[in-house]
Structures are given as structure tokens and as C-alpha cells.
2 protein chains.
Amino acid sequence: MSKNCNFIEKLREVGLRPTKQRVKMCEVLYNREKTFHFTINDLVKLLSEKMNEKISLATVYNTVHAFEKKGYLKEISIDSHKSYFDTNTSAHHHFFDEDTHELIDCDESDIEKINIRKNITGKKINSVEVLVRVASDNQTHK
Amino acid sequence: MSKNCNFIEKLREVGLRPTKQRVKMCEVLYNREKTFHFTINDLVKLLSEKMNEKISLATVYNTVHAFEKKGYLKEISIDSHKSYFDTNTSAHHHFFDEDTHELIDCDESDIEKINIRKNITGKKINSVEVLVRVASDNQTHK
DNA sequence: TCAATAGTTTAGAATTATTATAATGTAGAT
DNA sequence: ATCTACATTATAATAATTCTAAACTATTGA
């Protein structure tokens, strides 16, 4: 709240015009204690229900992708046919709660450094991501 | 070729009726040297073009999911809005070639055992999957 | 062997996530 | 204040997947 000029500056820094919609989205995404994991749908809901901002769906998609391209957001690969995004753009791993479909960040210290022994000729490694799927202890897994 | 009775038996073993379509799909998927990674689209194409089998799209979906539920196939999480499947159902990791969108299996020996130091109360770990994204060495990454 | 039935296949409609389009609006430079 | 390039918007289009309901078939057991 009142950090808006920060967002305006930050947007400008990476070459994104600080439009009303983008600033509002920044507020929703980054005025938080913890990193935030969401789907486009989650975000649209938050914007309209909590913030009373009806930003067009196309704009939300455009803006999320603009943010991703500029390193403001990171896309996370969970199964299914839905994209998850993460406001924590540093290299880190995740837990995925299969009961609640919730993503949880891993600190670097939670998982030892991963050593890749295989090499693919002519290719370089862009990223190494670990996904740990968890579920209720008492529940049978499919 | 001629392994069909094997497939019929195997299907029966896990409680799937060995229909003509399912047996054909088994042939395409499992009469191979190496494990096979595919999308539904790939599979439909293979069936119709190489095998001259026009199995309805809905059946391919149903059958792939039936196979997955019974442990004949494993779903792999890559980004995007497409599901990838793997005929190698054992716990293993993957390389994903971002240039060709190809999946490559990792042997167990390619990646050291991963130690998860974090615990989520009341939850048990179902799987730990590593995805290593690679791309052409000379190509700038997005 | 044959009918009953429970599970399967199918074409097509419906749904869901996402992207494209083209008209209108707005930020930033002059 | 005006221009221009970039943004936003509603809506249409596309793509992947699931649903539906009718027709079909493998299995069971009389």
C-alpha cells in the first residue's frame, strides 16, 4: 500500500510502461510477505473480488507474460493443463500438495545441490527443477 | 509383432478388457527397443499414419488414462498446456530439449540420489522428479 | 451356445485454457 | 497539446481435453 511509486519505477526500469493495470497487478502480486503461487484464474479472481479491479482477461494474460519475460515472474511446471506462476524468480524447487493443489517453495537448504552426471552434446543446461509431490499421509495414492 | 497375446494377457492382468483398440495401442507403445515419450497428438498420428488405425480421439484419451491409472504409462510434467506420457513407468528423471521439445530419460546413475531435508507435517512424499531443461549451446536463452 | 450385462468405443458437442484480432485508449516524447 | 507507439479491451478463434448418449463387444453364467 503506497508502494505504488516503487512499482512504477520498477516497471519502467525493465522497460514496461507503468499502466494502471500493471501497477494494480504488481500490488496484488508483490505487496506480500511471502512469495505467491498462482494460476491466471486465481489472479483474475483476486483482482476482481479483493481489489475490485476488473482487468480484462486478455490483459491479465498479456501482463503476466510480459512480467515473465522481464523476470518479474517465473512459470512453474506442474502436470495438468494449467500454468502456475511464482513471484519468487530465483532458482528454487517446489513441493506440490496433490490434495490441495498448492505449491510450496523449497529453500535452497531443503534440497542438496543436484549433480547432473550426464551430458547432452551441443546442449547446455538452462535449469534444473525438482518437484516433490506430497499428499496426505493416510490417503492411498492413485 | 505377434506379441499380441502378451498384450492381451497383460491387459487382463491389470483388469483392462483387451479390446482391439487397446491391443493396437499396446503394439504401438510397447513394441520398441527404447522407452517412448509422446503426446496424445503424437500417438493419434502414429496410429493413423503408420498403423492405419483410426481409433477415435476420445478412445485414445480414455485408453491412455486407463493405462496411466493401471501403471502402464507415466505422465510427465513439462510446462505448456500439453500432457506428455512415458512408457517408462519407473521412477526416473528427464531432460527436456527446449529446441526440439523432446524428452530424454535419465538413468538413475545420471543424477545423484536427492535428499529432501524438509518435511511437511501430515504429508508423505509421493514422488521426486527432476527436470533438466537444455537448449542449443550457441543459442541465447529467453 | 447365447443372452444378459457391464464395460467400451464412437462422433460430435461442450468445456477450459489460452491466443489472436481489431478497435479504442493512453503513456511518453516532442 | 499532439503524435506515435504501445496497451487494453471485448470478442472471436484455437487447442487440448472431457462429456454425452447411442451403438458395440467382451465376459459371465445359464
* Structure fact -> Atom CD of B:E13 and atom C1' of D:dT27 are separated, to the nearest Å, by 17 Å
* Length of the line joining A:H65:NE2 and D:dC6:P, which is rounded to integer Å -> 20 Å
* Is it true that the side chains of A:N41 and A:T39 contain a donor and an acceptor less than 3.5 Å apart? -> no
* **Separation of B:L131 CG from A:S127 OG (nearest 0.5 Å)** => 6.5 Å
* State, yes or no, whether a side-chain contact exists between B:V134 and B:F96 at a heavy-atom distance under 4.5 Å. => no
* To do: Specify the separation, in whole Å, of atom CD1 of A:I55 and atom P of D:dT9.
  => 7 Å
* Counting only side-chain N and O atoms of A:S83, is one of them less than 4.0 Å from OP1 or OP2 of C:dA17? -> no
* Between C:dT18 atom C1' and A:L43 atom CG, what is the distance in whole Å? -> 15 Å
* Check the distance between D:dA16's P and B:D42's CG and give it to me in whole angstrom. => 11 Å
* Are any of the side-chain heavy atoms of A:H37 and A:H94 separated by less than 4.5 Å? -> yes
* Any chance the side chains of A:D110 and A:H93 put a donor and an acceptor closer than 3.5 Å? -> no
* Report yes if some heavy atom in the side chain of B:I55 is under 4.5 Å from a heavy atom in the side chain of B:M25; otherwise report no. => yes
For nucleotides 25-29 of chain C, give me every protein contact, N/O to N/O, under 3.5 Å, one pair per line with atom names.
residue	atom	partner	partner atom	Å
C:dG28	OP1	A:R12	NH1	2.5

* 5' precedence on DNA chain D between B:N41 and A:L57 (nearest-nucleotide basis) -> A:L57
* Asked: What integer distance in Å separates A:E53:CD from D:dA7:P?
  -> 18 Å
* Structure fact -> Of C:dT10, D:dA7, D:dT9, the nucleotide closest to the side chain of B:Q21 is C:dT10
* Asked: Would A:K123 and B:D137 pass as an ion pair if we require N to O under 4.0 Å?
  -> no
* **Minimum-distance nucleotide to B:Y61 side chain [options: D:dA16, D:dT9, C:dT9]** => D:dA16
* How long is the line joining NZ of A:K54 and C1' of D:dT8, in whole Å? -> 14 Å
* Asked: Whole-Å distance between C:dA17 P and A:N62 CG?
  -> 18 Å
